[in-house]
Amino acid sequence: MKLYRQQARIEIDGDKGKLTIKRYGRDGDVADFEVSSTESTDGSAGTATVTIYNLPKAMKAFITKKANCRIYAGYKSETGVASTLGLLTEGTISSITPNTYDSADKSFTFNVKEGADYSGIKELKQKATTSVRTVASQRSVNSAIAAYSKGQTTKLSKWKKAHPKATNKQLRSYKTTLANEKSAYRKRVQGQYTKQKTASKKTKKTTSKTKYKPLTFAKGTKASSIIRTLAKKAGIKIYGMKLVNDKTYTKGYTTSSKPYTAIKSIAKACDTPVTRPHGQLYISDPSTKKKTNVYIQESTGMIGQPEKQDSSDDKVAHYQVVIMLRRSLVAGAIFHLKSLAFTGWVIVNSSQWDISSDAFTVTVDVTPYSQYLKKQKKTVKTAKQKAAAKKKKKDTAGKNKLKAKRKTRSKKK
């Protein structure tokens, strides 16, 4: 059975209830609408831009900021029995542009931030409690006496400069005065300490002081363990995770940013892309993914020929392909492409879906899968070599330090 009739639907759960706008082919039911939605493998939340035309004002009131919005797209059979309509993306309305209801087309636009918004989650902290003395220690008393003694020495030097013709008798007299002052100060401070010490026997000598420090992980912790812990504590839902290179943090790890930013940074250090297909978060190794059962060529939805992209910094080939809308061609998906420019399996780097009266397409940036795997293998090998060299250097330094320590001990004997 052929599925060729385009269909799309927008659902919004607003303050005043649920609003549903449907589109069949080029026509809408209560209003017409256009959608442009993007996603990539850098972990950033995709954004969908929706423009609605000629929506009754009473219905427009349903569309408010922070309202949940779901966009569906697909095809149905001629009879309407079979359908591939499914979720294209879901998120919250982040902004609404001023409407043009006074103009002829009566349109307005709003943006949907796809998936859960993790940007507002604050940096994670851990509680640290320390004990603080309630009374001075003997060590602090000695420090105070030493500081006073230093002050007396300075005082004597100033007196000598002010009295250059002073006799030995006068100098001895002044020194005696300073000595008596120092003795009196010592007795006073020591007496205060003894009095506090006696009183403190009946009460606590210390008090607890609480501080909140950045979340830290012990030496030798795996990246996957850190990501899972951060996600759990921050309430970030990960639908799937498989790291390319599960890095070991030999010196431990301390968070210095918001949880989602830290997760993306760790994933990048592990050479693993972060994707959010249909708003769901995945941190996965593309080499372990199953290839989709999608074969794209001119007879199965490819529009025109792929265009090779020149501005590539990652040293692999990139092609831009326009295809009739398929929800499965998300960032990270692997499908088979047959064209004049390239034939073989490719992996999607980014996707852009467009729904309008003129388009029902997905534009993908793809890289030959074999090139992607070759580059990934080389990157992981280099990372492991660097980690091994770093460990070897650390081990050698530790051995040399131990030898030097033993040598010093043998000399003392």
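Residues: numbered from 1 along the sequence shown.
Listed by chain and number, the residues in a side chain to side chain donor-acceptor pair (under 3.5 Å) with Glu39 amount to none (sequence neighbours excluded). Under the side chain to side chain donor-acceptor pair (under 3.5 Å) criterion, Ser119 pairs with Asp117, not counting sequence neighbours. Judged as a ring-ring contact (aromatic ring centres under 6.0 Å, His included), and not counting sequence neighbours, the contacts of Tyr185 are Tyr148. Shown here are the side chain to side chain donor-acceptor pair (under 3.5 Å) partners of Thr379, two or more places apart in sequence or in another chain: there are none. Applying the side chain to side chain donor-acceptor pair (under 3.5 Å) test to Thr89 and every residue at least two apart in sequence or in another chain returns Glu114. Listed by chain and number, the residues in a side-chain contact (heavy atoms from CB on, under 4.5 Å) with Lys377 amount to none (sequence neighbours excluded).
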Which atom pairs, one a donor and one an acceptor, fall under 3.5 Å between side chains of residues 224-232 and the rest of the protein, sequence neighbours left out?
residue : atom : partner : partner atom : Å
Ser224  : OG   : Asp246  : OD1          : 3.4
Ser224  : OG   : Asp246  : OD2          : 2.7
Thr229  : OG1  : Ser225  : O            : 2.9

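Applying the side-chain hydrogen bond (donor to acceptor under 3.5 Å, both in side chains) test to every pair with at least one member in residues 247-275, sequence neighbours left out, gives these pairs: Lys222-Thr248. For residues 359-369, every residue pair satisfying the side-chain hydrogen bond (donor to acceptor under 3.5 Å, both in side chains) rule, not counting sequence neighbours, is listed here: His318-Asp365, Asn349-Asp365, Asn349-Thr367. Evaluation of the salt bridge (Lys or Arg N to Asp or Glu O under 4.0 Å) test over residues 389-403, restricted to residues two or more places apart or in two chains, returns Lys391-Asp395. Judged as a side-chain hydrogen bond (donor to acceptor under 3.5 Å, both in side chains), not a single pair has a partner in residues 320-348 (not counting sequence neighbours). Within the structure, the side-chain hydrogen bond (donor to acceptor under 3.5 Å, both in side chains) test picks out the following pairs touching residues 283-295 (sequence neighbours left out): Asp285-Ser287, Asp285-Gln376.
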